[in-house]
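Here is the structure we will look at.
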Amino acid sequence: MSRESLRVGVVCFSTFGGSGVVAAEIATSLAGRGHAVHVFSDDLPGRLDPTRPNLTFHPVVPRAYPPLTHTLYPLALTSKIVEVSRREPLDLIHVHYALPHATSAYLARALLAAETPGPAPKLVTTLHGTDITLVGSDASFLPLTRFSIMASDAVTTPSAWLAAATHEKLDVPRDFAIDVVPNFVDTDRFSPGEPTTQAPAPTLVHVSNFRPLKRVDDVVRIFARVRAARPARLRLVGDGPERPRVEAQLAALGLMDDVELLGERIELPRVLRDAALFLLPSETESFGLAALEGMACGLPVVASAVGGLPEVVVDGETGFLRPVGDVEAMATCARRLLDDEPLRRRMAAASRLRAETQFRVEPAVDRYLAVYRRVLG
Ligand code: GMT
């Protein structure tokens with residue numbers, strides 16, 4: 001392997017969330033370009049193929065040592081990075097989500113620097129959202145999050161909004177540069193196509209991890225208003241803590257016959273292709289990768305005008321953005337799209353065009369590589 005090729009460690013969560021998707025796509029693209037990529041995670045990330053050439057997956061499995069009842073995952077991750085880097089010195093560790101990943105990698109780098117004379121791996125941290133807006137800015141974690149960010153050799157965010165929030169909420173000095181590298185989508189896999197099923201009515205789709213900040217109850221309330229005015233169906237993709245509450249809400253509203261809860265293990269592009277529009281009424285969203293995947297499949301998006309969503313969805317062009325919690329306004333937009341097929345088609349085409357021209361995988365990976373080359377000097 002030539003030294004033009006880098007040895008890169010990629011650290012991420014394995015769950016179906018957007019940060020794991022972004023990390024898996026970066027790892028796959030880097031390996032495809034001939035870089036040696038080592039992926040560290042608690043389990044195999046959903047979109048990672050560990051059999052790819054140049055790619056090695058390292059599961060991080062903390063042992064339970066009674067009486068240490070709390071998880072040792074952050075330390076097991078540090079140890080795994082050290083173990084791999086001793087065997088095959090990493091040039092750089094790219095962590096996704098600040099806590100605990102940036103902290104674990106910081107420790108691994110310090111240990112490697114202390115025991116070997118050569119250069120220790122550089123640390124690139126990509127912030128994703130709640131690592132800043134919720135967990136990281138919680139008073140108990142803020143000093144550690146702030147330290148781990150500022151000890152990184154480069155920090156990136158998927159939206160300008162999250163970069164500004166990091167400066168503001170974590171009191172990171174304005175002259176500490178944060179690179180904005182927008183998230184991206186595989187526009188070959190996520191592409192428009194003929195619907196595979198004949199639904200009896202147009203389908204609204206929502207994809208999330210069913211946490212309170214996704215406001216899935218607003219999805220149901222929007223759908224209830226649309227359904228009261230015209231035939232429509234709703235498909236909910238994903239799973240999480242809010243699901244039982246949402247099921248109870250659907251039952252109470254008598255909507256169960258028009259709604260499918262599909263869970264996580266589905267062929268997502270197919271479900272998106274079968275839909276008419278995408279709903280994302282979140283409380284906060286640093287980017288909204290799920291909405292971008294919908295756009296790539298040719299769906300207009302009705303979403304909250306919040307966080308980084310306006311950097312993805314162009315109000316009036318690729319969908320509609322309305323204030324958080326304004327279910328009445330979002331339902332009006334959804335009905336407008338369903339009642340005016342030429343408008344829906346125009347916005348569908350604009351969504352696809354925007355995904356293809358602004359958010360493709362390879363240009364985004366080029367930008368990450370430019371950040372890597374910069375920190376490696
Ligand atoms: O921060 C989170 O809530 C988790 C994270 C994830 O792993 O899915 O989601 C964030 O990162 C995604 C990928 O960058 C973004 O598309 C999501 O908007 C963002 N979620 C929030 O900001 C709530």
Side-chain angles (χ1 to χ4, degrees), residues 10-27 39 41-43 45-48 94-102 124-138 141 145 149 155-166 168-170 178-186 190 206-216 218-219 237-242 264 268 278-296 301 303-313 321 324 355 358-359 361 364-365 367-368:
V10 173
V11 179
C12 65
F13 293 123
S14 64
T15 48
F16 281 78
S19 60
V21 169
V22 169
E25 295 279 3
I26 293 172
V39 178
S41 189
D42 53 303
D43 203 349
R47 298 221 190 141
L48 192 76
H94 183 175
V95 303
H96 293 264
Y97 210 86
L99 289 184
H101 298 158
V124 175
T125 298
T126 292
L127 308 171
H128 278 277
T130 48
D131 47 355
I132 299 303
T133 54
L134 282 179
V135 188
S137 50
D138 179 287
F141 288 128
T145 319
I149 287 173
V155 174
T156 79
T157 56
S159 62
W161 176 84
L162 188 61
T166 305
E168 198 181 304
K169 282 186 169 272
L170 269 71
I178 297 179
D179 290 273
V180 177
V181 183
N183 285 340
F184 47 84
V185 60
D186 178 344
F190 288 88
H206 167 78
V207 182
S208 78
N209 49 15
F210 282 59
R211 283 178 304 160
L213 65 80
K214 298 293 175 181
R215 298 182 72 103
V216 190
D218 278 5
V219 173
V237 178
D239 210 340
E242 288 287 280
E264 283 170 341
L268 184 56
F278 193 101
L279 289 177
L280 194 63
S282 309
E283 184 80 40
T284 173
E285 210 64 73
S286 75
F287 183 88
L289 184 62
L292 177 61
E293 291 180 340
M295 287 167 64
V301 176
S304 315
V306 77
L309 274 168
E311 295 173 49
V312 183
V313 179
L321 297 173
V324 175
Q358 307 293 317
F359 298 106
V361 177
V365 175
R367 292 176 71 172
Y368 279 115

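Numbering of ligands and ligand atoms starts at 1, following listing order.
- Note that CG of N209 and CD of E264 are 8.5 Å apart. Values are rounded to the nearest 0.5 Å.
- Those atoms of ligand 1 that come under 4.0 Å of a heavy atom in G288, given as number and element, are 15 (C), 16 (O), 17 (C), 18 (O).
- Residues L213 and L134 come closest through the heavy atom pair CD2-CD1, 3.6 Å.
- Side chain to side chain, T156 and D179 fail the donor-acceptor criterion of an N or O pair below 3.5 Å.
- H101 places a side-chain N or O within 3.5 Å of a backbone atom of H96 that can act as its donor or acceptor partner.
- When only interatomic distances are considered, the shortest N/O to N/O separation between V22 and ligand 1 does not fall below 3.5 Å.
- Considering backbone and side-chain N/O of P158, none are found under 3.5 Å from N/O of ligand 1.
- Residue L289 has at least one heavy-atom neighbour below 4.0 Å for each of these atoms of ligand 1: 16 (O).
- Each of the atoms 1 (O) of ligand 1 lies under 4.0 Å from some heavy atom of Y97.
- Distance alone, capped at 3.5 Å, places no donor-acceptor pair between the S159 side chain and the F287 backbone.
- Every atom of ligand 1 with a heavy atom of N183 under 4.0 Å away is listed here by number and element: 13 (C), 14 (O), 16 (O).
- Without hydrogens or angle criteria, S286 side chain to H128 main chain gives a donor-acceptor distance under 3.5 Å.
- Taking any N or O of F287, backbone or side chain, at least one lies under 3.5 Å from an N or O belonging to ligand 1.
- Listed by number with element, the atoms of ligand 1 under 4.0 Å from a non-hydrogen atom of R211 are 2 (C), 3 (O), 4 (C).
- Remark: ligand 1 atoms within the under-4.0 Å shell around heavy atoms of T284 are 23 (C).
- With S41 contributing its side chain and C12 its backbone, the two residues share a donor-acceptor pair below 3.5 Å.
- Heavy-atom proximity to atom 17 (C) of ligand 1, evaluated over H96, E283, E285, is greatest for E285.
- For ligand 1 and L213, the ligand atoms under 4.0 Å from any heavy atom of the residue are 23 (C).
- The structure places CG of L99 at 8.0 Å from CD1 of I132, a figure rounded to the nearest 0.5 Å.
- Residue-ligand proximity: F13 is placed with every non-hydrogen atom at 4.0 Å or more from ligand 1.
- Taking only non-hydrogen atoms, the option from P182, S286, G129 nearest to atom 15 (C) of ligand 1 is S286.
- Neither side chain, S304 nor S282, offers a donor N or O lying under 3.5 Å from an acceptor on the other.
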